[in-house]
Amino acid sequence: MSLTITILGSGTSTGVPIIGCPCPVCNSNDPKNKRLRASIFVQSKNTSLVVDTGPDFRYQMIRENINTLDAVLYTHIHYDHVGGFDDIRPFSYRRKSPFPCYADSYTIEQMKTRHPYIESTENYSSSRPQVNFIPLQEKNGMMQPFTIGDIQIQPIKMLHVKDISLRSYGYVFNRQVGYLTDFKEIDK
C-alpha cells in the first residue's frame, strides 16, 4: 500500500530562525533555513494522520491545505510537540465524535493536567476539542502495533532525556517508513 509522507516541519524546538539570533543560519535568506517545529503528515488512500501538533500546527495545516485527519499520534509531552493541541478542534467538530489521539500513558496524563477542560463536565462544547486519548500498549516489553484505517502502525519506544527517564515514541507505518524524533537511545 502506497503512503505519502509530508514533512510539515523539521526545525528545532524553537523553530528556525530563532527569535533575535544573530547567527548566519537564522539571518539567512535561504528558504531551507526557515523551518517549523517537527511534525509529519501521513496519508494513504483512505486514511490521514499527523504525528505531533506543535505550536506551528495550525499554520502547517493551512499551508498544506489539510482539511481532514483521522488521528494524531504524539511522540512525547514537550511543548514543541503538543503546543498546538487546541487546534485539532476543527477536525474534532467535523467528525462529530471524539477525535482519536494516540500517546503513551504519561503524555496522556500530562495533556489532561495541562488542559483540564478536556474532561470537564461544564459545557465547553463550543471551545474545547472533543478527544479520545488512546494509550499505546506494551506487552512483555514489546510495543504493540495497531491500525488506524488502512495504516498499520508500530510504535518504537525510545529514551529522550536520560536524567529523568523521559520516553519518546517513534512510529513505523505499514512497515515502509519510520519517523523517529527527539531521542538519545532506542530500546532493543
| Honestly curious: do Phe146 and Tyr179 fall in one hydrophobic cluster under the side-chain, below-4.5 Å linking rule? | yes
| salt bridge (charged side-chain N to carboxylate O under 4.0 Å, His left out): pairs with one or both residues in residues 37-64, sequence neighbours excluded | Arg37-Asp56
| query | What are the two closest heavy atoms between Thr181 and Ala38, and how far apart are they? | reply | OG1-CB, 4.4 Å
| query | In Å, rounded to the nearest 0.5 Å, how long is the span from CG of Asp80 to OG1 of Thr12? | reply | 8.0 Å
| query | Counting only N and O atoms by type, is there a donor-acceptor contact under 3.5 Å from the side chain of Ser39 to the main-chain atoms of Gly9? | reply | no
| Side-chain donor/acceptor of Thr113 to backbone N/O of Glu109, under 3.5 Å | yes
| said: Can you list everything that forms a ring-ring contact (aromatic ring centres under 6.0 Å, His included) with Tyr74? Sequence neighbours excluded, please. | reply: none
Which pairs of donor and acceptor atoms, one on a side chain in residues 97-108, lie under 3.5 Å apart (sequence neighbours left out)?
{"unit_1": "Asp104", "atom_1": "OD1", "unit_2": "Thr107", "atom_2": "OG1", "d": "2.5"}
{"unit_1": "Asp104", "atom_1": "OD2", "unit_2": "Tyr106", "atom_2": "N", "d": "3.3"}

| request: List for me each residue that meets salt bridge (Lys or Arg N to Asp or Glu O under 4.0 Å) alongside Lys34, sequence neighbours excluded, and say none if there are none. | output: none
| Exercise: identify the closest heavy-atom pair between Ile153 and Phe173 | CG1-CD2, 3.9 Å
| query | Would you call Ile19 and Thr14 a side-chain contact if the rule is heavy atoms closer than 4.5 Å? | reply | no
| Can you name the residues that form a ring-ring contact (aromatic ring centres under 6.0 Å, His included) with His76, not counting sequence neighbours? | His78, His81, His160
| task | Check the hydrophobic clustering (I, L, V, M, F, W, Y; side-chain heavy atoms under 4.5 Å; chains of links allowed) and say if Val50 and Leu73 are grouped together. | result | no
| task | Identify the two heavy atoms, one from Ile77 and one from Val82, that lie closest to each other, and give their separation to 0.1 Å. | result | O-CG2, 3.3 Å
| Mind checking what makes side chain to side chain contact (heavy atoms under 4.5 Å, CB included) contact with Cys26, not counting sequence neighbours? | Pro17, Ile18, Cys21, Cys23
| query | Checking side chain to side chain contact (heavy atoms under 4.5 Å, CB included) for the pair Val72/Phe85: CA distance, chi angles, key distance, verdict? | reply | CA-CA 10 Å; Val72 171; Phe85 169 74; over 6 Å; no
| Value rounded to 0.5 Å, distance of NE2 in His115 from CD in Gln110 | 10.5 Å
| task | Can you run down the salt bridge (charged side-chain N to carboxylate O under 4.0 Å, His left out) pairs that involve residues 130-146, sequence neighbours left out, and say none if there aren't any? | result | Glu138-Lys157
| Backbone of Ser92 reached by a side-chain donor or acceptor of Arg95 within 3.5 Å | no
| note | Apart from Ile186 itself, members of its ILVMFWY cluster (side-chain separation under 4.5 Å) are Ile156, Met158, Val172, Leu180, Phe183
| task | Start with the C-alpha gap between Phe41 and Leu69, add the side-chain angles, then the distance that decides, and say whether side chain to side chain contact (heavy atoms under 4.5 Å, CB included) holds. | result | CA-CA 9 Å; Phe41 176 63; Leu69 279 180; 3.7 Å; yes
| said: Please enumerate all residues that pass side chain to side chain contact (heavy atoms under 4.5 Å, CB included) together with Asn174, with sequence neighbours excluded. | reply: Met1, Leu3, Ile151, Gln152, Gln176
| note | For Ile7 and Ile40, the nearest pair of non-hydrogen atoms, with its separation, is CA-CG2, 4.3 Å
| said: Grouping I, L, V, M, F, W and Y whenever their side-chain heavy atoms are under 4.5 Å apart, do Leu49 and Val177 come out in a common cluster? | reply: yes
| request: Decide whether Tyr169 and Ile148 are clustered together by the hydrophobic rule: side chain heavy atoms of Ile, Leu, Val, Met, Phe, Trp, Tyr closer than 4.5 Å, transitively. | output: yes
| task | Taking all non-hydrogen atoms of both residues into account, name the closest pair between Ser48 and Thr68 and its distance. | result | OG-O, 2.9 Å
| field | Residue pairs passing the salt bridge (charged side-chain N to carboxylate O under 4.0 Å, His left out) test where at least one lies in residues 15-26, sequence neighbours excluded | value | none
| said: Test side chain to side chain contact (heavy atoms under 4.5 Å, CB included) on Leu36 and Leu8; report intermediate values, then the result. | reply: CA-CA 7 Å; Leu36 301 175; Leu8 300 172; over 6 Å; no
| message | As a quick check of understanding, evaluate side chain to side chain donor-acceptor pair (under 3.5 Å) for Ser44 and Asp150, giving each step before the final call. | response | CA-CA 7 Å; Ser44 67; Asp150 58 356; 2.4 Å; yes
| What's the spacing between Arg89 CZ and Gln130 CD if we round to 0.5 Å? | 11.0 Å
| query | Can Ile134 be reached from Tyr171 by stepping across I, L, V, M, F, W or Y side chains whose heavy atoms are under 4.5 Å apart? | reply | yes
| query | Nearest 0.5 Å, what's the CE-CG distance between Met143 and Leu136? | reply | 4.5 Å
| remark: Heavy atoms of Ser10 and Arg35 approach each other most closely as O-NH1, 2.7 Å
| field | Partner residues of Arg167 under the salt bridge (Lys or Arg N to Asp or Glu O under 4.0 Å) criterion, sequence neighbours left out | value | Asp187
| In chain order, what residues pass the ring-ring contact (aromatic ring centres under 6.0 Å, His included) check against Tyr59, with sequence neighbours excluded? | none
| request: Show the numbers, then the answer: is there a side chain to side chain contact (heavy atoms under 4.5 Å, CB included) between Met111 and Val131? | output: CA-CA 11 Å; Met111 291 289 277; Val131 299; over 6 Å; no
